[in-house]
S.K.: 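Structure in structure tokens, see below.
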Amino acid sequence: MNGMHGIIFSYEKATDLRELIEARVHGSIPFAGEYRVVDFVLSNFVNAGVTDVGVIMQGKCQSMLDHLGTGKSWGLSRNHGGLKLLPSFAYNERRGDDGHFRGKVEALGNVMDYLRHIRQDYVVLADSDLIINLPLQQVLDDHMASGADMTCVCTSVPGDRDDTYFKVDDTGRIVDTSYHGYDTTGYRCLNVFVLRKDLLIDLVTDCMAHNRYSFRHHILQDKGSELCFRAWVWDGYAARINSVSAYYERSMELLNPAIRAELFPAERPILSKENDSPSTYIDPTGECVNSLMGDGCDIQGTVRNCVLFRGVKVEKGATVENSILFKDTVVKAGATVRCVITDKNVTVNENVTLIGHEHYPVVVEKGSVI
Amino acid sequence: MKKECVAMLLAGGQGSRLYVLTGDMAKPAVPFGGKFRIIDFPLSNCTNSGIDTVGVLTQYRPLELNAYIGNGQPWELDGRDGGVHILPPYQSATGASWYKGTANAIYQNIGFVDLYEPEYVAVLSGDHIYKMDYADMLRRHKEAGAACTISVMEVPWAEASRFGIMSVNEADDITEFAEKPKEPKSNLASMGIYIFTWQKLREYLIADENNPDSENDFGKNIIPAMLNAGEKMVAYRFAGYWKDVGTLDSLWDANMDMLLPGSGLNLLDKKWPIYGRTPSCPPTFVGPDSDVGNSAIAKGGTIMGEVKNSVLSFNCTVGEGASVAYSVVMPGATIERGAKVSYAIVGENCHIGAGAVVGCSPEEAEHFDAWGITVLGPNTQVAPGEKVEAKTMLDKTHGKENAR
């Protein structure tokens with residue numbers, strides 16, 4: 001049995017995702033025509049043989065709860081272990097001052113009983129909003145072989161100012177951790193950590209006892225000299241969705257076959273909740289080029305450079321270009337849509353023209369009728 | 001555990017008229033309509049009709065079918081009580097035998113049905129494409145106080161002699177049954193879908209088993225025996241889409257019907273959904289120079305070429321400059337660049353090399369009489385540039401080309 005337990009952090013964060021997080025947390029944003037963002041990390045866990053996963057959630061978790069269900073789509077509906085949902089309302093007396101977790105350590109401290117009952121020796125921590133296809137088994141193997149106290153997955157691809165950056169010595173040990181943009185050189189942390197369960201419990205207990213709550217400050221920085229934290233570098237595809245423009249860019253780059261090949265290798269499939277949609281139908285008058293299309297779409301108009309989620313309908317004479325249409329979007333006859341992200345169940349009426357800019361796509365809120 | 005109605009789904013036949021497509025799997029497991037397999041239709045009909053207990057009688061090459069049905073979850077047939085059960089022939093203290101006929105298959109599983117103490121049993125075929133509300137048929141059965149209700153549909157008089165034909169009186173009680181009559185007295189054809197009052201059927205199954213001359217078949221033995229004994233038997237008229245996909249031509253036809261608005265087999269119908277086991281795969285990518293029209297495409301594919309009037313299942317690849325027309329392409333098939341596939345059924349995981357030509361349109365055929373659908377069995381490899389003539393059938397061993 002694999003000795004690794006998965007923990008996913010899924011809660012509201014301050015980001016520039018506008019209407020996309022009106023009704024959901026980051027991890028349940030639809031992505032790539034077929035998935036929710038959380039499917040990636042969850043599938044990475046499952047593909048590495050992880051059988052027990054806890055999801056710490058806070059905030060607008062309705063859509064996340066709906067999506068994860070019992071975990072059966074990921075083979076995590078089990079008699080023993082499997083998927084455990086850990087919503088924060090069960091622990092609210094110890095939450096941070098503004099009603100949100102002040103940091104990951106505080107989130108972990110609130111599920112201390114859960115941590116104590118973990119059956120596995122190792123734990124992997126990851127954020128629900130990371131889009132990646134990581135060979136996690138490799139990370140665990142390397143972690144055990146290295147003898148490090150904790151292995152931190154990071155990338156040499158630079159990121160934003162608010163990311164965490166590591167300085168690493170020749171042996172792979174992290175010698176310095178910085179964040180908030182004063183120094184963005186070094187390896188960028190992807191917030192995937194592998195460590196022993198016992199060490200995690202000790203670290204969290206110690207932090208909670210001293211009102212320390214931040215993983216990067218109170219663990220990565222404060223304990224970095226005392227303990228051996230090791231960098232594990234992944235320079236493959238890794239995306240964090242933290243703004244509408246990032247979402248749009250990351251979605252559009254999926255039209256590049258090389259990116260898709262990296263994100264969807266056959267040996268590590270990304271699993272998602274099953275659906276009952278029939279095949280997509282493209283009508284004799286319909287045209288759909290350079291696009292990704294989910295199942296159950298009905299395309300009678302023209303679609304170019306788009307990502308279509310399932311059940312999208314594009315009526316005759318309608319043109320949709322460079323856009324991302326979530327589940328059950330209907331674009332009626334003669335409408336023109338360009339550089340737009342429509343959330344679920346949006347209807348664009350006959351002959352309406354809706355045009356955003358590729359650097360500032362229009363986002364249409366869930367259920368809107370235009 | 002008591003159930004009002006239990007369904008018994010006959011899925012044991014070889015489906016020999018599907019030739020290479022059923023070389024390794026039972027007919028009900030054959031892919032259909034892009035996302036589905038044939039058995040999804042009766043299973044989904046059961047779920048949509050409120051029947052939550054289904055026995056699937058298997059015998060011929062059941063492995064793929066068993067794996068596909070699994071725990072029945074895609075059809076919501078994984079409930080606490082009931083659910084879907086695979087019923088292969090089994091050994092008992094007094095010996096063992098294969099299912100000798102459709103009636104014998106149910107006879108051997110009387111014990112299974114009795115577990116649920118049902119009032120009624122629906123006996124269904126695993127190889128028909130149709131959407132039917134069995135609850136409505138059951139209502140007719142109960143209202144008529146029948147021992148047996150047979151679902152029928154009107155067929156053109158010219159074709160009536162190909163079917164089991166029911167004669168009925170003004171109340172739609174069945175008065176006569178004739179299997180493939182030369183001179184049909186009616187044009188009401190049996191669809192091979194029956195509802196029986198279980199205790200009645202149970203008696204007739206036991207009597208039939210004790211008759212050494214019987215072929216143990218519903219159409220040939222049980223129905224005539226009940227009719228002769230004067231049991232109340234009524235017809236249930238069905239007017240929707242129904243097709244027995246027991247032949248390669250009818251399988252191709254039914255797939256094409258799905259693309260035809262007004263055929264009654266509406267792919268995107270949300271009122272009576274068909275469920276199926278769906279693999280996890282990314283959405284289908286349609287390339288910048290692709291041209292897709294009047295086609296149904298399931299996810300996981302990459303389409304760089306032209307696809308017209310065709311049905312493509314999961315994970316199919318159509319290379320640049322390749323064309324697929326009037327064809328049914330089953331899961332995992334690859335059609336390399338420049339290849340041309342027309343009027344063909346391409347089995348699972350086939351590989352058609354670059355520039356190969358598979359099948360042709362009736363207009364292109366040298367002799368129209370020799371034209372027909374071209375069929376590639378699962379895992380067939382067609383070499384680059386190779387030509388596979390119309391009406392040819394190839395299997396994975398590629399040893400023999402079987403002109404049908």
S.K.: For the OG atom of Ser279(A) and the NZ atom of Lys299(B), what is their distance to the nearest 0.5 Å?
M.R.: 10.5 Å

S.K.: Which distance, rounded to the nearest 0.5 Å, do you find between the NZ of Lys35(B) and the OG of Ser277(A)?
M.R.: 5.5 Å

S.K.: Considering only heavy atoms, which portion of Leu263(A) lies under 4.5 Å from any heavy atom of chain B: side chain, backbone, both, or neither?
M.R.: neither

S.K.: From Ile282(A) CD1 over to Ile297(B) CD1, what is the distance, rounded to the nearest 0.5 angstrom?
M.R.: 5.0 Å

S.K.: Counting heavy atoms not belonging to Lys316(A), are there more than 12 under 6.0 Å from its NZ?
M.R.: yes

S.K.: Side chain from CB out, backbone as N, CA, C, O: work out which of these in Leu268(B) comes under 4.5 Å of a heavy atom of chain A, or both, or neither.
M.R.: both

S.K.: Using heavy-atom distances under 4.5 Å, tell me whether Lys72(A) contacts chain B through its side chain, its backbone, both, or neither.
M.R.: side chain

S.K.: Non-hydrogen atoms of chain A under 4.5 Å away: do they reach the side chain of Lys308(B), the backbone, both or neither?
M.R.: neither

S.K.: Specify which of Ser280(B), Gly33(B), Gly34(B), Pro261(B) makes the most heavy-atom pairs with chain A at under 4.5 Å.
M.R.: Ser280(B)

S.K.: With only heavy atoms counted, which part of Tyr35(A) is less than 4.5 Å from chain B, the side chain, the backbone, both or neither?
M.R.: side chain

S.K.: Could you tell me which of Gly33(A), Pro278(A), Gly286(A), Gly311(A) has the largest number of non-hydrogen atom pairs under 4.5 Å with chain B?
M.R.: Pro278(A)

S.K.: Using non-hydrogen atoms only, which part of Asn275(A) is less than 4.5 Å away from chain B: side chain, backbone, both, or neither?
M.R.: both

S.K.: Relative to chain B, which segment of Arg260(A) carries a heavy atom at a distance below 4.5 Å: side chain, backbone, both, or neither?
M.R.: side chain

S.K.: Taking atom CG of Leu259(B) and atom OH of Tyr281(A), what is their separation to the nearest 0.5 Å?
M.R.: 6.0 Å

S.K.: Considering only heavy atoms, which portion of Asp283(A) lies under 4.5 Å from any heavy atom of chain B: side chain, backbone, both, or neither?
M.R.: backbone

S.K.: Say you draw a straight line from SG of Cys288(A) to CG of Asp291(B); how long is it, rounded to the nearest 0.5 Å?
M.R.: 11.0 Å

S.K.: When you compare the side chain of Pro283(B) with that of Phe309(A), does any pair of heavy atoms fall below 4.5 Å?
M.R.: no

S.K.: Measuring heavy-atom distances to chain A, does Pro282(B) have an atom under 4.5 Å in its side chain, in its backbone, in both, or in neither?
M.R.: both

S.K.: Write out, in numerical order, the residues from residues 290-298 of chain A with a heavy atom short of 4.5 Å from a heavy atom in chain B.
M.R.: Asn290(A), Ser291(A), Leu292(A), Met293(A), Gly294(A), Asp295(A), Gly296(A), Cys297(A), Asp298(A)

S.K.: Tell me whether Glu274(A) at atom CD has more than 12 heavy atoms from other residues, nucleotides or ligands lying less than 6.0 Å away.
M.R.: yes

S.K.: Is there a side-chain contact between Val286(B) and Val289(A), using heavy atoms and a 4.5 Å cut-off?
M.R.: no

S.K.: Which one of Leu271(A), Val303(A), Asn305(A), Val307(A) has the most heavy-atom pairs closer than 4.5 Å to chain B?
M.R.: Leu271(A)

S.K.: Hey, is OH on Tyr275(B) packed in by over 12 heavy atoms from elsewhere, all under 6.0 Å?
M.R.: yes

S.K.: Ile303(B) versus chain A, heavy atoms under 4.5 Å apart: side chain, backbone, both or neither?
M.R.: neither

S.K.: Specify which of Leu308(A), Asp276(A), Leu254(A), Ile299(A) makes the most heavy-atom pairs with chain B at under 4.5 Å.
M.R.: Asp276(A)

S.K.: I'd like to verify something: which residue of Asp269(B), Thr284(B), Thr278(B) has the highest number of heavy-atom pairs under 4.5 Å with chain A?
M.R.: Thr284(B)

S.K.: Under a 4.5 Å heavy-atom cutoff, which of Ser295(B), Ser44(B), Gly276(B), Ser290(B) has the most pairs with chain A?
M.R.: Ser295(B)

